[in-house]
Every structure is written in structure tokens, then in C-alpha cells.
Amino acid sequence: MTEVVNTRNALFEAKRSGKTGVVMTMGALHAGHAALLRTARAQADFVIATIFVNPLQFGPNEDLARYPRTFDADVAMCEAEGVDLVFAPPVEEMYPGGQPVVTVDPGPLGGQLEGEHRPGHFAGVLTVVLKLLNLTRADAAYFGEKDYQQLTLIRRMVRDLEVPVEIVGVPTVREPDGLALSSRNRYLSDAERDLSLSLSRALRRGGAQRTVDAVLATAAAELAGIDVDYLELRDPELGAPPAQGSARLLVAARIGTTRLIDNTPLELS
Ligand code: PAF
């Protein structure tokens, strides 16, 4: 039976034992979240899912107001995946004093890639993630590789600030045709959905190449005619790309009014 609580006091009072795992979400749960919940269920004794659409990580022109809210279906998924506790606080519970004055500075990487197109986004993400880690007192937290820069920055925050939690990355879940699952996919019309397949195709074909130039040229060719925000090859920690060895190819593009991101690991030789 999944218990649903909305306040920090109820969260603190919930009985638990053993290792606590947390999956943080903004709701609108899909099979990608189910994979996170399943991993947490397999590795932890007590699983908490948080559902909170964090206003701090949305820019003034972003989709906060229209962000999909599917609370009952979300709780049903948590129930089906064996979640012990759902923490779904209202905004006033998370930010009782209004906008926080002290926030987490994501450092230089916070201004690159997604951060260059979404100013303030990663300060908002890291601030709420640190608050939720402190509130849930989780031993382990599970994040999708789909938001690879987010995962990288959370790992970095935990390392740099000595946060006592294990961060576990979970591979991206895709539709059979390659489209990475995202709560924002539901905004796509049929024609836009077809067009959006060029992102995963670019990553697949680019990712099969073995030199920096070939990777970028092959991927860019697949994205012709698409409104690309960035296509970049980086090292696995999102520093400059190595000439050889493991790397990450990342893309963001606008399909109509919907902004999609995706990424893939690859090996350069
Ligand atoms: O990935 C998300 O859904 C959000 O950025 C997170 C980690 C729940 C923080 O609001």
C-alpha cells in the first residue's frame, strides 16, 4: 500500500527501516519513471517518490503553467511499482518563505548546454534536489540519463558539498522507434512526433562514428531543417571532448513549440 503525504511532518513521521531510496519527479509519470522506480525498488528497502513541479527551475517563458499534471495516474503507477511513500508537497510546503534567498550555484557547467538556453534552470534544479535529499534523508537517489547534464551536476554537487547520498544513473527508456520518453512528448502532434525522431537518429548514426569530426558531421546531417539549440560532443563529465575513449553526444531542439533533449554515450578511437 502506497502512503501519500503532503507535509514535511508527515514525511518525517512515516515509519521506515533499512536503506531509503528516493525517486524525484515532477509527475506526469511514464515508463522512464517506472524504470527509476523499479531500480529503486530492487536496491532499497524503503522507496519514496516525490512529486513536485518546481517553479524555481522554470524560466519566465517556459512551460510551468502548462506542465502536464496527472496526479491520480502518477500515484497509481507508484502503487504498481511498489513505492512505499509518495511525498507530494504544495509549493508553500517546499518554499515556506517564498523564493529562497540561498540557492545552489551549479558552477560553470550550469551556464552551458541546457543552461545557456535556460538561464537559472540548474540553480533551481540543484536547490530543490538538495532540499528533497535533506527532507527525505535518502541513502540513494535515482535519476535518468535522459537529463544527462542534470545527472552530471547532481553528482558534482554531491561530491563538492559532501552530501551523504549515493547517486544512481538509470539508462534512458525509448519508444521502439527510438524516441526518448519524456513528459513533454505528449505535446507533439503526429507530424511533429515524426520529425522528432531525427534527434534519436542523429545520436544513433553520429554515435556509430569514431572521430569527433565524423560524429558531429553525421549527426548534424540528420538534423537538417530542425531548429537545433545545440549539438555537442563532450567527455562523460561534460568537459571538452577527448580525442579518444568515452564521450557523450548531446542534442536539444525545438519541434514546433516543444523543446526536446536527448543524449547518447559513445566511444572515440
Ligand atoms: O528531472 C526532473 O523531473 C526534475 O528536474 C527534478 C530532478 C525532479 C527536480 O525538480
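Residues: numbered from 1 along the sequence shown. Whatever order the structure lists them in is the order used to number ligands and atoms, beginning at 1. All heavy atoms count here, side chains included; hydrogens, waters and symmetry mates do not.
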Review point. Atom 3 (O) of ligand 1: which protein heavy atom is closest, and how many Å away?
Key: Met26 CG, 3.6 Å
Exercise for review: Find the distance between CG (Leu238) and CZ (Arg155) and round it off to the nearest 0.5 Å.
Suggested key: 11.0 Å
Study note, to complete from the structure: ligand 1 atoms nearer than 4.0 angstrom to some heavy atom of Val128 are 9 (C), 10 (O)
Practice item. Name the closest protein heavy atom to atom 2 (C) of ligand 1, giving the residue it belongs to and the distance to 0.1 Å. Key: Gln150 NE2, 3.9 Å
Point to revise | Region of Leu132 that comes within reach of ligand 1 [heavy atoms, distance under 4.0 Å] | key: neither
Exercise for review: May I ask you to establish whether Arg66 and Tyr187 are in a cation-pi arrangement, using a distance under 6.0 Å from NZ or CZ to the six-membered ring centre and at most 45° from the ring axis?
Suggested key: yes
Practice item. Could you say whether the N/O atoms of Gln57 and ligand 1 ever approach to under 3.5 Å? Key: yes
Practice item. Measure the CE-CD1 distance between Met24 and Ile48 for me, rounded to the nearest 0.5 Å. Key: 9.5 Å
Point to revise | Test item: Arg193 side-chain N/O and Leu197 main-chain N/O as donor-acceptor pair under 3.5 Å | key: no
**Study point:** Element-labelled atoms of ligand 1 that are located less than 4.0 Å from some non-hydrogen atom of Met24
**Key:** 8 (C)
Exercise for review: For residues Phe52 and Phe87, establish whether the separation of their ring centroids is below 6.0 Å.
Suggested key: no
Exercise for review: Is it possible for you to check whether Arg234 lies under 6.0 Å from the centre of the six-membered ring of Tyr148, through NZ or CZ, and within 45° of that ring's axis?
Suggested key: no
Study note, to complete from the structure: Counting from 1 in the order shown, the ligand 1 atoms closer than 4.0 Å to a non-hydrogen atom of Thr25 are 8 (C)
